[in-house]
Amino acid sequence: MPLSRRTLLTTLPASALLAVAAPLRARAATRPTTAGVADPGANPGADTGANPGANHTALLANTVAIFAGTAESNARPETAAKLAALTSTARARLAALDGAGPGELFKGLPLGTSDANLNTSYQYLYEIALATRAPGPAPSDLRDNADVRRRVIDALARLHDTYYGDQSKGYYGNWFNWEIGISASVSKTLVLLKEELATYRPGLTATYLASMDAYLRNGKDGDVDLDSRFHTGANLADITTNRILQGAVTGDDARVVKAVADQLTVYATVDPYNPRHGVTDGFYADGSFIQHDSVAYTGSYGKVLLTRAVQTVKILEGTDYIDTATADLVAVVRGWVADGFAPLVFEGWMMEIVKGRGVSRTATGYTDVAVVVEAVVDLSGHTTGPDATALKGYVKFVRQTSKAALDPVVFVSPVSVARYADILADTSVPAADLGDAASHTAFNAMDKTVHRRPGYAFALARSSNRISKYEYMSGENLMPWFQGDGAHHLYLAGQDQTLAFGVDHYTTVSPYRLPGVTAPVETRRTIPELYGTAWYDNPERGFTSSSESQNTYVYFPRGTNTLSGGARLGTYGAVGLVLGDDAAYAAKQAGELPDDFVAYRNAAATKSWFMFDDEIVVLAAGVGDPAGRAVTTTLDSRIAAASDTVTVTGRLRDGADWPGGDGGSGTAPGPVDWLRYADAGQGVSVGYVFLDGGGGGDQGRVPRPTVALDTVTRSRRVVRTSNPDTPVTKRVFSLSVDQPASARRLSTAHALVPNATERQLAAYERYGWYGRGPLTVVANTTRVQAVEHRGLSIAANTFTPGTHHAGRLTIDGAASVLVRTSRDGTVSLAVSDPTTERGTVSLTLRGRWLRAVATDDGVRVRRVLGGTRIDVDTHQAHGHSLTARLR
C-alpha cells in the first residue's frame, strides 16, 4: 500500500523545515546564558510569545514517557515483559556496582584508559535511573527509590571527579564516546533524576553541562558547528537531541531552540552539487543514505537517524518549537521509510550492503529491522488517513513475512510496545508492503542496487570515486577489501537469512571469494596485523585515530573509477561497473603516503548486471590482472548448515551430466550449459546458466567453472576483534572462474536464476547457447555490454567515449540504457549516466521513426536518417534515469 505522498524523496518539506530554523536561531540569540545555564527569568518576552517554562515541562514529560513509559502504557499486559527487562537490567547493573573492584565503578569495567568502559559505565547508570522512573501496576522496590537514585547521583559525581571532569586527561580513544555516547547517557539521566539532583546535589547538573560542552571539541565554542565534518547526519541528530534535553533540564531555552534549529538541517535532502555546509551526509533524492561522507549506511547510521527523527517529533510534541513544521518533518521521515528503508528490507531482514562495518557484528538483520519497525509504529501515530494505514500495514507486513519473531521487548519505549500491540490487533488495517513485490531500486547516489521479485531479492554493492569500497574501523569488519567491488547478496524467499548471510557469511566465506567479486590471488593482512593497532598511527604524516587521512586511506577509502551506476525502467534495471583501485593504492603509487603504509592493488574487469524477472544476467570483460597475478572471479558463494545436504547438479554442452565429486564439487571438464545449487536443509536453490560470452578479450573460449563445497570452521572474531571467540562451522559453496598467473584477459557471461528447478534450467539449455532463446548476449567487451531478452527487448551499458553499437542501439559515450517494446508497438526507454559527469547522453534507435508520446524533462526526440535520435540532458542528474515513451 503506497503512501499518498510516496515518490522520490522531495526537497519541499525539508525546505520548509529549513525555513523554520532561521527564526529559531534568532529566538535562541535573545536568551542569554550564564555559566552554561540560562537564567529562566532573563528577558522573558524575547521569544515572541513562547512560554519556555511550559515548553520545558512538556519536553521533559515527553522524554520520560518515551524511555520509561506512562502509567497508561505500563498498565497494559503487552508491556509487562518490557518492564521486567528494564528491572532485570537495573538489578544486574546494581549487582555490578556492588561488585566493583579498584579502579572500577562497575565490575569488569576498569576505568582510566578505556573510553569504551567509561561510556558503558555511564550507560549502566542511566539504566539504573530508568528503572526508578518507570511506572507500573506491580510493586517494585526500584520505582521511586530515593536511595537508588542517590547511588546513581553519587556515582555520577565520582565518575566526573575521577575520570571525566579533568579536560586534560579526557578525550582519548574514540571521539564519538566523548562527544555523543557519554553525553547521551548523562543527558537522559539528568532528565530522569532532575528533582532528586535539585535537592541532593544541586550543582552537579551545571557541572556536567560545562564538561559536556568542553568535550564538544569538534564543535565551536562548546556548541554544534554545522561546518564540522563530525557534526553531520546521524551524529548531528544525536548531538542536538542531547542538547535539547540539556536545555530543558536546566531551563536554557537558547540551548533548546538552537539545537532544534541545528537538527532541522539534517532533514534537508542532500543536493550533491550544492551541499549545505559542505555536508554530503544524509538522505538523497533517490532514497540513498550516506554517512562519513561516502559510506552507504542506511542499515546502521540511517536507522539511528530515523529513530532520532521520530523521537524528536515525540519529544517536542505539545511545545511550540516546531509546531508549524511538524507535518513537514513527518512527511520527510515518511519518505525515508518508503523510499530509503523499505526497499532494503526483505522478509524482515536488513540487507548487508548498507551496514558498513556493522556487517561484522553478531546482531542480525532481523534485529536491525526491529529498530525500523519501532520508528514506523511511532510515526504512524503522527499521521492520519491513508498514510497512517500504509505505515501500520507495513508494520504488519514485516511481522508476517519475517522469519524471526519480532520481540517488542527490544523496543526503546514501553509506549511503542503498546502501540505495536494496537496495530497488530487492528483488523481494519491490512498487511501490505510499502512497495510492489516486483520492483527495481537504483540507489545510484550510494552505488547500490536492489532488484526484487516475489521469490527473491538481489542486492548489489558497487563503489566509485564518489562512494567508499567498504568500511573498516575500530577493529570491526577486518577483511572488507572487496565488499564494494560488485559483491552481491541473493536473498531467497522463505529462508531464515541468519543461515545464509549475516556475520556467519562473512566469517566462513573467504573475503577473496565474496559472491560476484573478481579478486587477485594473494593474501592480504588486516589493519591490526599490519600495524599492531586498530588504525595506522603516524601523527607526523597526519594519521591519527580520527584524522581525515585515516578516513580517506584506511577506514573507508573510495575507488578511483568514475563509472558505477545504471538505468531503471519500471521494474527492470541495468547496472555497469568498471573496477578500480582504491584511493590508498593510487596515493601510494603517487608517492603521497609514507613508506610503511601498505596498499593493495586490485584486479581489472568491466562488468554489467541486467536484471529481469526470472534471472539476473552478469557479463564481465577484460577480466585479469595488470600485474600478472592469478585472478579468481566468484560467480556466487553461499553457506549452509554443516548438517545440510548440499548438492550441485548440471549439464555440460556435450549433453553429459555434471560430473562433480563430493556433492558436485570439481572443475568442469568442458563447456557447461547450466548448474544448479540446492540446499535440501533449507529447501532453496539457485541456477547458473552459462551463456556465449559475446566477444571480448578471449573470444570463442567459454570459461570452465569450478565448484567448491567445503566444510569451514572459523571464529567470529576473524571479522571483528570484539566478537566472542565463537567457532562457526558451515558448508560453503562457491562457483568460480579461475585464471592462472599471466593469463590473457577473459570474458564471462552467465545468468543467476533464483529458485530454479532443473526443468527450468534445461529450457535455457535448449536455446540460450545458440542465441535462439530468452537470453542472447549481444556484446561483451570493455567498451560495450548488452543483452537481449525475448519479450523484454534490449539492455546495454557502454563504458568509453566514442560510438557504440548494440543491436538496434547506437550509443554515444558512457551510458546505461534499457529499451522495451510492448505488444502495441510502444517503445519505452530509460537512460542514465553512470559516471554522473556527462552533460548529455545521446543514442539512436535504428529502424522506422518513432514519435514521442511522453518524455521526462530534458529528453528530446527527433527523426534522423535510419531511425530515431534521443538526446538526454543528464547534467547534475546524479545517475538518475530519464525516460521516454515512443510510438
Side-chain angles (χ1 to χ4, degrees), residues 1-4 6 62-63 65-70 72-83 85-86 134 237 241 298-299 302-317 326-327 329-342 344-345 347-350 365-402 404-435:
M1 179 180 294
L3 295 175
S4 61
R6 183 185 183 276
N62 291 341
T63 302
I66 288 171
F67 297 105
T70 65
E72 181 183 11
S73 69
N74 294 7
R76 296 275 298 271
E78 296 91 347
T79 62
K82 175 64 180 177
L83 298 178
L86 291 180
T241 298
T298 316
K303 61 185 177 67
V304 171
L305 178 55
L306 176 65
T307 295
R308 292 293 172 270
V310 176
Q311 286 180 355
T312 294
V313 172
K314 295 165 65 178
I315 288 172
L316 300 181
E317 188 172 13
T326 299
L329 175 55
V330 170
V332 168
V333 180
R334 284 204 320 267
W336 294 354
V337 172
D339 299 326
F341 285 92
L344 293 163
V345 176
E347 295 189 344
W349 180 270
M350 177 64 70
Y366 297 122
T367 304
D368 295 323
V369 171
V371 176
V372 177
V373 169
E374 180 176 10
V376 175
V377 165
D378 291 332
L379 192 64
S380 71
H382 291 84
T383 56
T384 58
D387 287 341
T389 300
L391 291 171
K392 293 175 182 178
Y394 183 63
V395 170
K396 283 189 169 183
F397 176 80
V398 172
R399 161 145 180 162
Q400 288 186 7
T401 58
S402 177
L406 191 157
D407 185 355
V409 168
V410 302
F411 285 1
V412 169
S413 177
V415 176
S416 303
V417 175
R419 287 176 176 167
Y420 180 67
D422 290 339
I423 290 173
L424 297 184
D426 187 352
T427 58
S428 68
V429 175
D433 201 351
L434 291 175

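Quick note: residue numbers are just sequence positions, from 1.
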Please report the interatomic distance [atom1]([X]) to [atom2]([Y]), rounded to the nearest 0.5 Å.
X	Y	atom1	atom2	answer
Glu317	His382	CD	NE2	4.0 Å
Lys314	Thr63	NZ	OG1	10.0 Å
Thr312	Leu305	OG1	CG	9.0 Å
Asn74	Leu83	CG	CG	4.5 Å
Thr401	Asp433	OG1	CG	7.5 Å
Leu316	Thr326	CG	OG1	7.5 Å

Original post:
Excluding sequence neighbours, so at least two apart, what forms salt bridge (Lys or Arg N to Asp or Glu O under 4.0 Å) with Arg308?
Top reply: Asp238

Subject >> Those residues that, when tested against Glu78, pass salt bridge (Lys or Arg N to Asp or Glu O under 4.0 Å) (two or more places apart) >> reply: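 Counting only residues at least two positions away or on another chain, Glu78 forms a salt bridge (Lys or Arg N to Asp or Glu O under 4.0 Å) with Arg76.
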
Shortest non-hydrogen contact from [X] to [Y]?
X	Y	value
Leu86	Ala134	CD1-CB, 4.4 Å
Arg399	Tyr420	CD-OH, 3.5 Å
Ala370	Val410	CB-CG2, 3.8 Å
Gly348	Ser402	CA-CB, 3.9 Å
Ala309	Val333	CB-CG2, 3.8 Å
Ala390	Leu434	O-CD2, 3.7 Å

**OP:** Evaluate the criterion side chain to side chain contact (heavy atoms under 4.5 Å, CB included) for residue pair Asp378 and Phe411; output intermediate values, then yes/no.
**Re:** CA-CA 11 Å; Asp378 291 332; Phe411 285 1; over 6 Å; no

Under 3.5 Å, side chain of [X] to main-chain N/O of [Y], donor-acceptor pair present?
X	Y	value
Thr389	Gly385	yes
Lys82	Val409	yes
Lys396	Pro430	no

**OP:** Run the numbers on Phe341 and Lys303 for side chain to side chain contact (heavy atoms under 4.5 Å, CB included), then give the verdict.
**Re:** CA-CA 8 Å; Phe341 285 92; Lys303 61 185 177 67; 4.1 Å; yes

**OP:** Could you check Ile423 against Val429 for side chain to side chain contact (heavy atoms under 4.5 Å, CB included), going step by step and ending with a plain yes or no?
**Re:** CA-CA 8 Å; Ile423 290 173; Val429 175; 5.6 Å; no

Original post:
side chain to side chain contact (heavy atoms under 4.5 Å, CB included) between Trp349 and Val369: does it pass, once the steps are laid out?
Top reply: CA-CA 6 Å; Trp349 180 270; Val369 171; 5.6 Å; no

Original post:
Without hydrogens or angle criteria, can the side chains of Thr70 and Ser73 be said to hold a donor-acceptor pair below 3.5 Å?
Top reply: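 Ser73 and Thr70 do have a side-chain donor-acceptor pair below 3.5 Å.
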
Original post:
Just checking, is any N or O donor in the side chain of Ser416 or Glu374 under 3.5 Å from an acceptor N or O on the other one?
Top reply: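 There is such a pair between these side chains.
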
